[in-house]
Amino acid sequence: MIRRLLAAEAAFDPFVRPYRERADRIMVRMSLFLLLVCLALAPCAAPTCRPWPLACPPPC
């Protein structure tokens with residue numbers, strides 16, 4: 001049953017391959033963007049290190 005399902009999906013592979021490749025590129029770009037955002041906000045998590053006091057909200 002699984003072999004038939006995979007064979008049926010493989011029949012559509014040439015049609016969906018461009019969409020999958022585009023989705024992969026979008027996912028990589030989004031991951032890099034989120035990494036940059038996290039790295040930019042990381043100093044805000046350290047209470048003793050505040051290099052950007054105006055960019056970080058005051059601690060509670």
Side-chain angles (χ1 to χ4, degrees):
M1 173 156 171
I2 292 177
R3 288 181 190 236
R4 281 190 289 157
L5 181 64
L6 292 175
E9 184 180 348
F12 289 100
D13 191 50
F15 301 114
V16 296
R17 186 177 198 97
Y19 296 107
R20 288 181 180 170
E21 290 175 355
R22 184 168 181 250
D24 287 343
R25 283 193 299 271
I26 291 171
M27 294 275 290
V28 167
R29 289 178 187 157
M30 183 59 69
S31 295
L32 290 174
F33 171 74
L34 291 175
L35 174 69
L36 291 175
V37 168
C38 290
L39 289 176
L41 293 177
C44 293
T48 59
C49 179
R50 291 200 160 282
W52 307 306
L54 296 177
C56 301
C60 296

- prompt: With sequence neighbours left out, what residues match D24 under salt bridge (charged side-chain N to carboxylate O under 4.0 Å, His left out)?
  reply: none
field: Distance (rounded to the nearest 0.5 Å) between M1 CE and L6 CG
entry: 11.0 Å
message: Run the salt bridge (charged side-chain N to carboxylate O under 4.0 Å, His left out) test against R20 and tell me which residues pass, sequence neighbours left out.
response: E9, D13
task: Kindly work out whether a path of hydrophobic side-chain contacts (I/L/V/M/F/W/Y, heavy atoms less than 4.5 Å apart) joins F33 to V28.
output: no
